[in-house]
Amino acid sequence: MTSSCDSHIMNKHDLIGHRHSHNSELLYVVLITINCAINTLYVVFVLIWLHLSFIVFNDISRIFCGGGL
């Protein structure tokens, strides 16, 4: 005989079957998050490198072409 309160409480045997699938879902979320973070850092690094290289190239061209600062 079970009460209405007992039907909402999970025992330890109910958690065993769901634990592995839940952990694998969390693993996929963590791996996708790490992958997105690495790709974002790569894009930011490339954009900063391009920005700095254009600044350097513009300064060099002003020096050699006689442009004023």
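Quick note: numbers below take in every heavy atom, side chains included, and nothing from hydrogens, waters or symmetry partners.
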Show which side-chain atoms of residues 48-57 pair as donor or acceptor with protein atoms under 3.5 Å away, not counting sequence neighbours.
{"from": "Ser53", "atom 1": "OG", "to": "Trp49", "atom 2": "O", "distance (Å)": "3.2"}
{"from": "Ser53", "atom 1": "OG", "to": "Leu50", "atom 2": "O", "distance (Å)": "2.9"}

List, by chain and then residue number, the residues other than Leu31 in its hydrophobic cluster (Ile/Leu/Val/Met/Phe/Trp/Tyr, side-chain heavy atoms under 4.5 Å); write none if there are no others. Leu27
Could you give the side-chain donor-acceptor pairs of residues 32-43 under 3.5 Å, partners two or more places apart or in another chain?
{"from": "Thr33", "atom 1": "OG1", "to": "Val29", "atom 2": "O", "distance (Å)": "2.7"}
{"from": "Asn35", "atom 1": "OD1", "to": "Asn39", "atom 2": "ND2", "distance (Å)": "3.3"}
{"from": "Asn39", "atom 1": "ND2", "to": "Asn35", "atom 2": "O", "distance (Å)": "3.3"}
{"from": "Thr40", "atom 1": "OG1", "to": "Cys36", "atom 2": "O", "distance (Å)": "2.7"}

